[in-house]
Amino acid sequence: DPYLQELGQPINVFASMPHAHTAGAAVRTKLVRNGTFVSYVGRDETYDFDLQEIRPLEPEIVIKEGDQLITGCTFKTTDRTLSTHGGLSSRQEMCMNFLQYYPRMKLDICYTMLDVNQQATFFGVHYAHWEFPFPIYYPQNLAGQTLYDVINRYPWTNEEAERFEQHVRGGKVMSYCLPEPAGGPVYDLHDPLPDPIVPDANSTSIPGC
């Protein structure tokens, strides 16, 4: 919002490029206005890491002050025996959508991330370093191990995976924005967003459905 306020007008998104790594199976960005899902701003339900492209949006999508953009991904890791973490390597993961828009705001990049220590409490870890493989400092009985090892030793079941997902979804989200011209990054903590209202799950009036 501060960047749109400074611009003094909405922006128009005319293209998007969904992006994940090799476990990515689908990428979609929702535009939420006043708590209601109104449009997709880029959607690829058959995402392929080797077939990424910029896709025009017709019609263009208008983003106004107060709007929310929520990007979500589906990942497939059934061929892997160890856990997959976020990171820059193609065997690690991310979930992004590069939007092309006008007029230009004084904003270089903006994304959100989860706090590794909020996730770690699920496994009884109270403090770990934020860089992979996340060495554990506390509690003492786990010091010297890594959170990556603890996660891979955990007795996962479908029920435990669901419980962990709810634990993560209930935690705070950290945003990272880098304004232009080059300046220091702006960090902030946010409560998790409520699920948006969907007017009709089968509606063809929602662009992209």
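Note: hydrogens, waters and symmetry copies are ignored here, and every other heavy atom, side chains too, is used.
When hydrophobic clusters are built by joining Ile, Leu, Val, Met, Phe, Trp and Tyr residues whose side-chain heavy atoms come closer than 4.5 Å, directly or via intermediates, I136 is grouped together with F134. A single hydrophobic cluster is not seen to contain both V116 and M174; linkage of ILVMFWY side chains at heavy-atom distances under 4.5 Å, directly or through other members, places them apart. Hydrophobic clustering of Ile, Leu, Val, Met, Phe, Trp and Tyr side chains at less than 4.5 Å, counting indirect connections, keeps L193 apart from M113. F123 and Y127 fall into different hydrophobic clusters, where Ile, Leu, Val, Met, Phe, Trp and Tyr residues are linked whenever their side-chain heavy atoms come under 4.5 Å apart, directly or through other members. One hydrophobic cluster, built from ILVMFWY side chains closer than 4.5 Å, cannot hold both F75 and I70; they sit in different ones.
Here OG of S39 is found 6.5 Å from CZ of F37. Values are rounded to the nearest 0.5 Å. Note that SG of C110 is 11.5 Å distant from CG of L99, once rounded to the nearest 0.5 Å. Taking CG of N12 as the start and CD1 of I63 as the end, the distance is 9.0 Å to the nearest 0.5 Å. One finds the OH atom of Y40 at 6.5 Å from the CD atom of E45 (value rounded to the nearest 0.5 Å). Within the model, atoms CG of N97 and OG1 of T71 stand 5.0 Å from one another, a figure rounded to the nearest 0.5 Å. For the atom pair OH of Y137 and CG of L147, the computed distance is 12.5 Å after rounding to the nearest 0.5 Å.
Screening residues 99-124 for side chain to side chain donor-acceptor pair (under 3.5 Å) gives E60-Y102, R104-E180, T121-H167 as the qualifying pairs, with residues at least two apart or on separate chains.
Of all non-hydrogen atoms in G124 and L142, the two that sit nearest each other are O-CD1, 4.2 Å. Closest approach of W156 and I151 over heavy atoms only: NE1-O, 2.9 Å. Shortest non-hydrogen contact noted between C177 and Y3 is CB-OH, 3.9 Å. Nearest heavy-atom pair across H129 and E131 is ND1-N, 3.1 Å. When all heavy atoms are compared, the tightest approach of G171 to P192 is O-CD, 3.5 Å. When all heavy atoms are compared, the tightest approach of G42 to S16 is CA-OG, 3.3 Å.
Residues R28 and T74 bring a donor and an acceptor atom of their side chains to less than 3.5 Å of each other. S83 and N152 are linked by a side-chain donor-acceptor pair at a separation below 3.5 angstrom, with hydrogens and angles left out of the test.
The salt bridge (Lys or Arg N to Asp or Glu O under 4.0 Å) check on D191 picks up K172, with sequence neighbours excluded.
In this structure the side chain of H19 reaches within 4.5 angstrom of the side chain of Y47, judged on heavy atoms. K64 has its side chain out of reach of L4: every pair of non-hydrogen atoms, C-beta onward, lies at least 4.5 Å apart. Residues V62 and I11 are not in side-chain contact: their nearest non-hydrogen atoms beyond the backbone lie 4.5 Å or more apart. Contact annotation: the side chain of Y176 approaches that of I109 to within less than 4.5 Å [non-hydrogen atoms, C-beta and beyond]. Looking only at side-chain heavy atoms (C-beta outward), S175 and H190 come within less than 4.5 Å of each other. Side-chain contact check for T22 versus R80: some heavy-atom pair is nearer than 4.5 Å. Residues L69 and L31 are in side-chain contact: their nearest non-hydrogen atoms beyond the backbone lie under 4.5 Å apart.
Here L88 is tied into one hydrophobic group with M17, I54, M94, M96, F98, each link being a pair of ILVMFWY side chains closer than 4.5 Å.
Put simply, the side chain of Q92 never gets that close to the backbone of H85: no donor and acceptor are under 3.5 Å apart. Remark: the backbone N or O of G66 is paired with a side-chain donor or acceptor of D1 at under 3.5 angstrom. R55 places no side-chain N or O within donor-acceptor distance of the main-chain N or O of P18, the cut-off being under 3.5 Å.
Environment of CD in E53: crowded, with over 12 heavy atoms of neighbouring residues, nucleotides or ligands closer than 6.0 Å. No more than 12 heavy atoms of other residues, nucleotides or ligands sit less than 6.0 Å from atom OH of Y138. Around atom CG of D48, more than 12 heavy atoms belonging to other residues, nucleotides or ligands sit under 6.0 Å away.
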Exercise. Starting from the C-alpha separation in whole Å, work towards a yes-or-no answer on ring pair (Phe, Tyr, Trp, His ring centres under 6.0 Å) for Y154 and F122.
Key: CA-CA 11 Å; Y154 193 80; F122 182 87; 5.7 Å; yes

